[in-house]
Amino acid sequence: MSTLVIVGAQWGDEGKGKIVDLLTSRADVVVRFQGGNNAGHTLKVGGEQIIVHLIPSGILYPNITNIIANGLVVDPSVLISEKAALRERGHFQKDSQLLVSDRAQVIMPYHKIIDHGREDLLGKAKIGTTGRGIGPAYEDKASRMGIRVGDLLRPASLRDRIYNVMDEKNFLIERRFKRPKLNPEEVVQEYLSYGEQLAPHIADTTIVLQSFVRGGSHVLFEGAQGTLLDIDHGTYPFVTSSNVVAGNACAGSGVGPNVIEKCWGVVKAYTTRVGEGAFPTELTGSLGEELREKGGEYGATTGRPRRCGWLDTVVLNHSVRLNGLTGITLTKMDVLTGISPLSVAIGYELDGKPIDYIPSDINEFGRVKPRYREVKGWDEPLSDCRSFDDLPKNARDYVEMIEHMSGVPVTLVSVGPAREQSILRKTPF
Ligand code: IMP
């Protein structure tokens, strides 16, 4: 057995899709364990760009099993259209490449209406969600009102469950959010048809995964979002609705903690965030604009411009601690070429006192002022570097500074979006 969890170590969009896609060449199974189609993992292969939102990033390799595990919230219409789009481009030719847990939760039309309705009513206080119905679907899971993927294959109980739940949903939709009510029978018919289309993929994935683990397979757990968006450990309430941290790879896929061997955090060489919420190292002027343009920092899911700022090692060390990171994969180093000096936050000041942690109170977090260290940048383009020694000295120093400040080895440095633009310093499997 050999297992690796990959998680985002900042606010998401660190470049996990590329890293998972790259490491997948050495894996037998790729498992997504939380979130839904709020994620957007961009893969670049042979000049072709593919963005997947729900299907694990291992789908481009024909002989790998991809699992959408129990911890996800699944929008079946998105899954079906993502599958069709991949097929049309010559990928995902065999149904056996993808399994979907019968225990995963289903995103229903009312979840999306409620997600949008809430955000509209919150006005300025909105979270800035992706509007995909993620939060309301997780709420229903916790309140035992959820529809699960396996229900899509059981017409009588699906109808019962939808009718039971929709009284309350329609009350909210009509009275609170002032939108037209949904017709439960239409919802039943639509979701039964999704069940038929997805039937070849639906399985008890915990049993399948367990047999891979017992058989000594290489398993890669693909996290979505980032640690600072974790519902418990992130910048609450400006977070997503699931546990993003590596520990949830177990509950979210149905394996015991003794199965997890390594955990690598994906860290962008600077910081970005989409949606609302405090962001201490944010650059709001021309430098932020430069990072956004050079780094192509526009959301893969919603197209929103990402807020950009300096690397923050308080954020990084929060992630190291909460995930138990054993490695860091550093992405987008090439984007920093030509920017000098570079600043890196090495601590905060809160109301005049130095601190080195993320306060749990969002108002306190909003008041922290970063303490910066300035380091020299470099002018050489990095996109053709293929070994650590190919990097200019100041870029190597930047990597080593991150190792020093976090106490975690940088196992991979990414210098461009393509698979080959990667310097792998340690093999995961
Ligand atoms: P939700 O997950 O759609 O409920 O959105 C909650 C917050 O998480 C918002 O700030 C989103 O912008 C953010 N978010 C959700 N998924 C991602 C992601 O994959 N990358 C970056 N931010 C995300």
Side-chain angles (χ1 to χ4, degrees), residues 6-20 32-43 51-57 68 71-75 78 82 105 107-108 111-122 124-142 222-245 248 252 265-268 270-279 282 292 295-309 315 319 331-332 362 365-366:
I6 298 278
V7 289
Q10 294 151 320
W11 276 282
D13 306 316
E14 298 91 351
K16 292 179 294 296
K18 171 191 160 163
I19 302 299
V20 172
R32 266 200 63 188
F33 56 91
Q34 48 71 229
N37 61 311
N38 47 351
H41 292 168
T42 306
L43 316 170
I51 301 178
V52 285
H53 297 283
L54 194 50
I55 294 181
S57 301
I68 291 179
L72 274 87
V73 287
V74 175
D75 187 328
V78 170
E82 213 162 86
Q105 296 284 319
I107 296 182
M108 305 297 288
H111 293 140
K112 290 180 256 188
I113 298 173
I114 294 170
D115 196 357
H116 284 286
R118 285 224 182 98
E119 288 281 277
D120 288 349
L121 286 181
L122 281 169
K124 272 190 160 169
K126 69 177 185 199
I127 306 292
T129 72
T130 58
R132 304 294 194 261
I134 307 294
Y138 275 116
E139 283 168 35
D140 277 3
K141 173 180 182 174
E222 175 182 17
Q225 290 84 52
T227 303
L228 277 290
L229 291 172
D230 182 280
I231 185 144
D232 289 300
H233 304 292
T235 45
Y236 193 90
F238 299 97
V239 292
T240 192
S241 301
S242 60
N243 280 117
V244 168
V245 290
N248 193 30
V266 185
V267 178
K268 203 181 280 191
Y270 46 98
T271 311
T272 61
R273 172 163 207 184
V274 284
E276 311 304 316
F279 176 179
E282 183 168 13
R292 184 174 312 119
E297 297 295 353
Y298 293 87
T301 300
T302 57
R304 289 179 288 181
R306 294 177 185 145
R307 301 155 66 193
C308 298
V315 164
S319 287
T331 59
K332 293 206 158 180
I362 195 67
F365 188 52

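Just follow the structure's listing: the first ligand is 1, and inside any ligand the first atom is 1. In this text, all values refer to a predicted model and were calculated from it rather than measured experimentally.
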Here the atoms of ligand 1 under 4.0 Å from any heavy atom belonging to Gly275 are 10 (O)
Subset of ligand 1 atoms that lie under 4.0 Å from at least one heavy atom of Val274: 10 (O), 12 (O), 21 (C), 22 (N)
Would Ser241 count as a contact of ligand 1 if the rule is a heavy atom under 4.0 Å away? no
Is the closest N or O pair between Thr240 and ligand 1 shorter than 3.5 Å? yes
Please give me the minimum heavy-atom distance between Gly131 and His116, naming the atom from each residue. O-NE2, 3.2 Å
Check if Val239 has a non-hydrogen atom at a distance under 4.0 Å from any atom of ligand 1. yes
Least distance between heavy atoms, Tyr236 atom then Ile231 atom: CD1-O, 3.3 Å
Looking only at distances, can you tell me whether any N or O atom of Asp13, backbone or side chain, sits closer than 3.5 Å to an N or O atom of ligand 1? yes
among protein heavy atoms, the one nearest atom 12 (O) of ligand 1 is Arg304 NH2, 3.0 Å
Distance under 4.0 Å to a non-hydrogen atom of Ile127: what atoms of ligand 1 satisfy this? 10 (O)
Considering only protein heavy atoms, which is closest to atom 3 (O) of ligand 1, and at what distance to one decimal place? Thr130 OG1, 2.6 Å
What pair of heavy atoms forms the shortest contact from Val7 to Val244, and how long is it? CG1-O, 3.7 Å
Kindly state each residue pair satisfying salt bridge (charged side-chain N to carboxylate O under 4.0 Å, His left out) with at least one member in residues 296-309, sequence neighbours excluded. Asp13-Arg306, Lys268-Glu297, Glu282-Arg307, Glu297-Arg306, Glu297-Lys332
Identify, for atom 15 (C) of ligand 1, the protein heavy atom at the shortest distance, and state residue, atom and that distance. Gln225 CG, 3.8 Å
Leu228 and Trp11: which non-hydrogen atoms are nearest, and at how many Å? CB-NE1, 3.3 Å
Grab the two heavy atoms, one from Arg132 and one from Asn37, that are nearest each other, plus how far apart they are. CD-ND2, 3.6 Å
Side chains of Asn38 and Gln225: donor-acceptor distance under 3.5 Å anywhere? yes
Which protein heavy atom lies closest to atom 23 (C) of ligand 1, and at what distance to 0.1 Å? Leu229 CD1, 3.5 Å
Note the single closest protein heavy atom to atom 11 (C) of ligand 1, along with its residue, its atom name and the distance in Å. Gly128 O, 3.5 Å
Testing the basics here: between Asp230 and Val239, what is the closest heavy-atom pair and its distance to 0.1 Å? O-CG1, 3.5 Å
For ligand 1 and Thr129, I'd like to know whether there is a polar contact (N/O to N/O, distance under 3.5 Å). no
Does Leu121 have any side-chain contact (heavy atoms from CB on, under 4.5 Å) partners at least two apart in sequence or in another chain, and if so, which? Arg176, Phe177
Can you sort out which atoms of ligand 1 are near Trp11, meaning under 4.0 Å from one of its heavy atoms? 21 (C), 22 (N)
